[in-house]
Amino acid sequence: RAFWGWLNAVFNKVDHERIRAVGPDRAASEWLLRCGALVRYQGSPKWQQDYNALPTGPLGRYKIEAINATDSCIMYRGFDYLDGLEHVTDIRLEKCMYIQDQCLQRLSDTSNLQRSLQQLRIISCGNVTDKGILALHKLANLEYLYLSDLPGIREKERTFRVLQQALPKLELELDLE
């Protein structure tokens, strides 16, 4: 088990040289696919899931629009890859064992995501608590938030009231026991 944790940490190590060489969208695509997530590019209905079949072309041609991190090993350590992404409108974090409050805080602090992110789904991420959900208040353009199977959320009413006050346009859908 410790070996897999170490390996996942290696997959999440940020390579700033690579980001400079191939651009933020390509570098983030490589990181996400290496960790088992999927990406969808602007103008494409197809999800990219094969690292070896990543599209090539001029620098900056493929812009990530959506991320599906279901069952992936993405962790806080790799979130620097999100900094340069300007077109991400949709993120799904489902059954991500390494996603925790610190990750959601980092997501919310990413200025490009504050402008672009419209939809976020957080499902079955056992390390997320009220603190992580409250951290999302900086995502000013977030229109839809779906939360399901998050046992770490203990103060549901208060957390959601505070979030709704901070983001009045937000449609909040809950499936929490």
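All residue numbers refer to positions in the sequence shown, counting from 1. The shown structure was predicted, so the numbers you read here are calculated from the model rather than taken from an experiment.
No side-chain N or O of Q105 forms a donor-acceptor pair with one of D101 less than 3.5 Å apart. A donor-acceptor contact closer than 3.5 angstrom links the side chains of R106 and T110. Side-chain polar atoms of S29 and Y51 form no donor-acceptor pair below 3.5 angstrom. Looking at N68 and W47, their side chains never bring a donor and an acceptor atom within 3.5 Å of each other.
Ion pairing of R121 with D90 is present here, as a side-chain N (NZ or NE/NH1/NH2) and a carboxylate O approach within less than 4.0 Å. Using a cutoff of 4.0 Å between basic side-chain nitrogens and carboxylate oxygens, E157 and R161 are not scored as salt-bridged. Using a 4.0 Å cut-off between a side-chain N of Lys or Arg and a carboxylate O of Asp or Glu, R154 and D130 do not qualify as a salt bridge. Ion pairing of E30 with R18 is present here, as a side-chain N (NZ or NE/NH1/NH2) and a carboxylate O approach within less than 4.0 Å.
Contact of the V14 side chain with the W31 side chain is not registered, since no non-hydrogen atoms from C-beta on lie closer than 4.5 Å. Counting heavy atoms from C-beta on, the side chains of L93 and I123 never come closer than 4.5 Å. Counting only heavy atoms from C-beta outward, the side chains of F160 and L176 approach each other to under 4.5 Å.
Contact between L134 and R158 at its shortest, heavy atoms only, is CD1-NH1, 4.0 Å. In this structure, L139 and L120 approach most closely via the heavy-atom pair CD1-CD2, 4.4 Å. Nearest heavy atoms, Q42 versus H87: NE2-CD2, 3.3 Å. The shortest heavy-atom contact between I99 and C125 is CB-SG, 4.3 Å. Between D15 and Y81 the shortest heavy-atom distance is N-OH, 3.0 Å.
Residue pairs meeting the ring pair (Phe, Tyr, Trp, His ring centres under 6.0 Å) criterion with at least one partner in residues 106-150, sequence neighbours excluded, do not occur; the list is empty.
When hydrophobic clusters are built by joining Ile, Leu, Val, Met, Phe, Trp and Tyr residues whose side-chain heavy atoms come closer than 4.5 Å, directly or via intermediates, I64 is not grouped with L38.
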